[in-house]
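Scope of the values below: all heavy atoms of this structure, side chains included, with no hydrogens, waters or symmetry mates.
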2 protein chains.
Amino acid sequence: MENEGKGLHARVLESLGPAITAGDYPPGTVLRTDELERRFDVSRTVIREAIRVLESMQLVASRRRVGVTVRPAEEWNVYDPRVIGWRLAGRDRPRQLRSLTVLRSAVEPVAAGLAATHATPEQCAELTEHAMGMVATSRGQQLDAYLVHDTAFHRVVLSASGNEMFARLGDVVAAVLTGRTQHHVMFTDPDPAAVTLHVQVAEAVRTGDAERAEALTREITLGAMAELDVLAP
Amino acid sequence: MENEGKGLHARVLESLGPAITAGDYPPGTVLRTDELERRFDVSRTVIREAIRVLESMQLVASRRRVGVTVRPAEEWNVYDPRVIGWRLAGRDRPRQLRSLTVLRSAVEPVAAGLAATHATPEQCAELTEHAMGMVATSRGQQLDAYLVHDTAFHRVVLSASGNEMFARLGDVVAAVLTGRTQHHVMFTDPDPAAVTLHVQVAEAVRTGDAERAEALTREITLGAMAELDVLAP
DNA sequence: GATGGGTAATAAGTATGACGTTTTCGTCAC
DNA sequence: GTGACGAAAACGTCATACTTATTACCCATC
């Protein structure tokens, strides 16, 4: 484990969080703090702080005289980056990947459209740079390098939209793209059509063509949706 | 204050959270725990638990020898319901309202399209029911009753999409709609065209016409975006 | 036998004092 | 001026005692 230097409560969190989000504790399960104390061999302070964080993610609810009860999945803060990470690492990774891809397909086109009217010259430059990078690494099993440019590209688009809520989805998109690459088994090069679309998006944003940027990005995300049946069965 | 029966740490949270998200403490400001102890007249335990929660929202970072430092707004967990609530209640309410409306305009059309193929008969019934309710309350200063049906309608759409990430945005949309009504000064009745659109969306979802449901919902959200300049200057 | 109230048990909430640990900053020697 | 060493400051952890809300059980009453 790499739990050095993070504080004990973080260690407890990294154990309980994944377990709960993986469904190891069905909704309604009660966890008593003194039991957790013994299980992790830490003080009440530590357990309580971990519980507070889980509570703030709506993963559990703490009630007097009854204990810490696990809440049903519908009530979780599914936008919490840690919850997303835990679920992506756990059992229902396919389900989570689908959810995120659908979310992405809704958000990114709109973000690209906004970027076309809000992007700074620097952001436009970054965009074309990464699009070029994607072209350069799209052949010959350079999937790792390709992924770097791909995630950077989409991060810039979301950021350039000027909407803070969109910008914060950069990590989500990065996770989806990384997940896609991991499952691609490192053999097939990226779809050339997709690469071209990215170049065109960069151009549309640079020229301020919002409608075109949106439509092109929608094509990209539609492609991601199409891959989904192979990717997350 | 209505902080009865919620625990002391929640009281501290409800004081610090709004203050931080309102920008009362510029990024980099340090809060020392012993100072907070005295300020709120509670024990370290309570302060520490509140800090842990703020830390999990990425509002602050706690570092040894230096204290609890306020993080820049770009790093906040802006999807945390409490953060959203605090910001909506605070100084940059207009900004937050814009962000959320844009997010909504991206998500809801896609959600409606998915709902057209995923909605259960019960959900279709609820949809038409609330659309009818909107029609019935759209005239004669019944804005409160109208709002109830409006929020319920959009909640069902998001829920019927079958995407958990969309479903969790129900509260966000409700907040936006409520905010809109509050600023409408209770004099002008809802736009009849918008009401008609809702009825048509309900019908499109019921008949499984995804494209139509999406397009109609996009018109609704475009209307919301248009209102924005008056609403959140 | 069902109902209602009171009481005791239980588990979380709070307070406090002591100690550990890391990080920073200042000082001192070189 | 540079380096290393050490002390101080703040959070981190632990142990313990005490408080409080909630539940469940028991007993009396109807």
Side-chain angles (χ1 to χ4, degrees), chain A residues 1-17 19-20 25-72 75-76 82, chain B residues 1-17 19-20 25-72 75-76 82:
Chain A
M1 298 278 186
E2 306 213 347
N3 281 325
E4 306 270 326
K6 301 228 170 187
L8 290 185
H9 70 97
R11 216 172 306 187
V12 174
L13 211 55
E14 287 305 316
S15 173
L16 286 180
I20 294 174
Y25 305 98
T29 306
V30 299
L31 307 166
R32 280 182 324 268
T33 56
D34 58 328
E35 176 221 326
L36 295 173
E37 270 180 67
R38 287 193 300 276
R39 200 164 110 199
F40 292 99
D41 192 39
V42 293
S43 70
R44 277 183 70 191
T45 317
V46 172
I47 294 294
R48 286 183 54 72
E49 288 176 13
I51 294 296
R52 278 288 103 78
V53 175
L54 291 174
E55 195 179 30
S56 99
M57 299 170 172
Q58 306 281 334
L59 296 187
V60 303
S62 178
R63 280 163 48 205
R64 273 179 160 148
R65 177 59 171 90
V66 59
V68 176
T69 67
V70 177
R71 308 185 72 160
E75 299 176 7
W76 297 346
R82 262 172 303 188
Chain B
M1 299 277 186
E2 306 212 347
N3 282 325
E4 306 270 327
K6 300 230 171 186
L8 291 184
H9 69 97
R11 215 172 308 187
V12 174
L13 211 55
E14 288 305 315
S15 173
L16 285 180
I20 294 174
Y25 304 99
T29 306
V30 300
L31 308 166
R32 269 157 314 147
T33 56
D34 58 329
E35 175 222 326
L36 296 173
E37 273 179 63
R38 287 194 300 275
R39 201 163 110 199
F40 292 100
D41 193 38
V42 293
S43 70
R44 284 201 303 290
T45 317
V46 171
I47 295 295
R48 288 183 54 73
E49 287 176 15
I51 294 295
R52 277 289 103 78
V53 175
L54 292 174
E55 196 179 30
S56 99
M57 299 171 172
Q58 307 280 337
L59 294 187
V60 303
S62 178
R63 281 162 47 202
R64 275 176 163 150
R65 177 59 171 93
V66 58
V68 176
T69 68
V70 177
R71 309 186 72 161
E75 299 176 7
W76 296 346
R82 262 171 304 187

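Between the CZ atom of R64(A) and the P atom of dT23(D) there is a distance of 12 Å, given to the nearest Å. The distance between atom CG of L36(A) and atom P of dC14(D), rounded to the nearest whole Å, is 14 Å. dG13(C) atom P lies 11 Å from atom CG of L8(B), rounded to whole Å. Note: CZ (R38(B)) to P (dA10(D)) measures 10 Å, nearest angstrom. With rounding to whole Å, F40(A) atom CZ is found 16 Å from dT13(D) atom C1'. Rounding to whole angstrom units, NE2 of residue H9(A) and P of dC11(D) are separated by 13 Å. The CZ atom of R32(B) sits 18 Å away from the P atom of dA8(D) (whole-angstrom rounding). Atom NZ in K6(B) sits about 15 Å away from atom P in dA21(D), given to the nearest Å.
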For residues 34-47 of chain A, which side-chain donor-acceptor pairs fall under 3.5 Å, sequence neighbours excluded?
residue, atom, partner, partner atom, Å
E35(A), OE2, R39(A), NH1, 3.4
R39(A), NH2, Y25(A), OH, 2.7

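To the nearest 0.5 angstrom, R11(A) atom CZ is 11.0 Å from E14(A) atom CD.
Contact check, S43(B) against dA15(C): a side-chain N or O comes under 4.0 Å of OP1 or OP2.
At a cut-off of 3.5 angstrom, the base of dG13(C) holds at least one donor-acceptor pair with the side chain of R44(A). If you check distances only, the side chain of R65(B) never reaches the base of dT22(C) with a donor-acceptor pair under 3.5 Å. Evaluation of atom-type donor-acceptor distances gives a pair under 3.5 Å for the side chain of T45(B) against the base of dA15(C).
Annotation: proximity of residues 46-62 of chain A to DNA chain D (heavy atom, distance under 4.0 Å) is found for V46(A), numbered in ascending order.
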